[in-house]
Amino acid sequence: MATIPGIHHITAISGPAQANVDFYAGVLGLRFVKKTINFDDPGTYHLYYGDYPGRPGTLLTFFPWANAVQGRPGPGTVTTTAFSVPAGSLDYWQARLAEHGVDTQPVTERFGQPVLSFADPDGMSLTLVAHTIDEADDQPPRALPAEVALRSFHSATLCVPTVDRTARLLTETFGYEEIGEEQGRLRYAAPGEARASILDLYCDPALTSSRMGAGSVHHIAFRARDDEEQQAWRTALVDLGFHVTSVKDRQYFRSIYFREPGGVLFEIATDGPGFARDEALGALGTHLKLPPWLESRRDDIEQRLPDLTIPTTAS
Ligand code: ZN
């Protein structure tokens, strides 16, 4: 049986789309790799951010709901999303975030690495983890200098009421290993590749109940290298008693979904075909892309979506 190489993408709900793109592309300097819609709710954008080509392990995506209620993290949700940044870059980030009016927590250390925590415009918890990055930086150009630019996800923190059952799924089925415990935080790592390979299980005692809304993570997706591997995961998970959806065509990857024992919505998404399937690599994110089955409704869909100005350089 294959193992999961790491996180594929994380999808969250935001408030108004423009504030979201101003923050993630403009302030954090992620590349805006795709402007499309929620295929299950075509009146809503689906915005994708990542590295230059939008590789799995770098992809943070949003469903912006202009009138979303405020979400609340808690049991059964992904409570924090963490990005890797180069060692020594947290001073830069503290200053940059302050300049843009974003409050940050004091830098602390976690598992020997300095971390900087803050929230996005909708209150979603984000962390930058500074460390030596092994993977060569072969993904220029970036909006920000390579010495400070966000790389891939470092990790995600899941709050689950039943740690043992979630941990068993991660270790016995996905192939993760427990690599440490610090102040009640259990850390797991996928074997092999370094990118986006870490998951933490930890519940802040202050988080007693969750509510889906702006600033909430909707689901976390894990990587399958190809369709065969995804099919094998589907079979294995069904055999374990999970209710797994059929394969959904998300244009840029194919997806299956199920709820893990702690209540977090998990997805397993294929690495391919990727974001260059309907736009040139240099032009990713510049046009509203619709799946073929919704093209005939383009005029109606475009009319209902708010205008969006994508920052071309991080300012
Ligand atoms: Zn997804």
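In listed order, ligands and their atoms are each counted from 1. Please read all numbers here as calculations on a predicted model, not as lab measurements. Hydrogens, waters and symmetry mates play no part in the numbers below; they use all other heavy atoms, side chains included.
Rounding to the nearest 0.5 Å places CZ of Phe242 at 11.5 Å from CH2 of Trp233.
Listed by chain and number, the residues in a side-chain contact (heavy atoms from CB on, under 4.5 Å) with Pro114 are Leu90, Val107, Ala130 (sequence neighbours excluded). Among residues two or more places apart in sequence or in another chain, the salt bridge (Lys or Arg N to Asp or Glu O under 4.0 Å) test is passed with Arg277 by none.
Evaluation of the ring-ring contact (aromatic ring centres under 6.0 Å, His included) test over residues 287-308, restricted to residues two or more places apart or in two chains, returns Phe39-Trp293.
Put simply, the side chain of Thr77 gets close to the backbone of Gly74: a donor and an acceptor are under 3.5 Å apart. A donor-acceptor contact shorter than 3.5 Å links the side chain of Arg234 to the backbone of Thr245.
Atoms of the protein (N, O or S only) found under 2.8 Å from the Zn ion (ligand 1) are His9 NE2, His219 NE2, Glu267 OE1.
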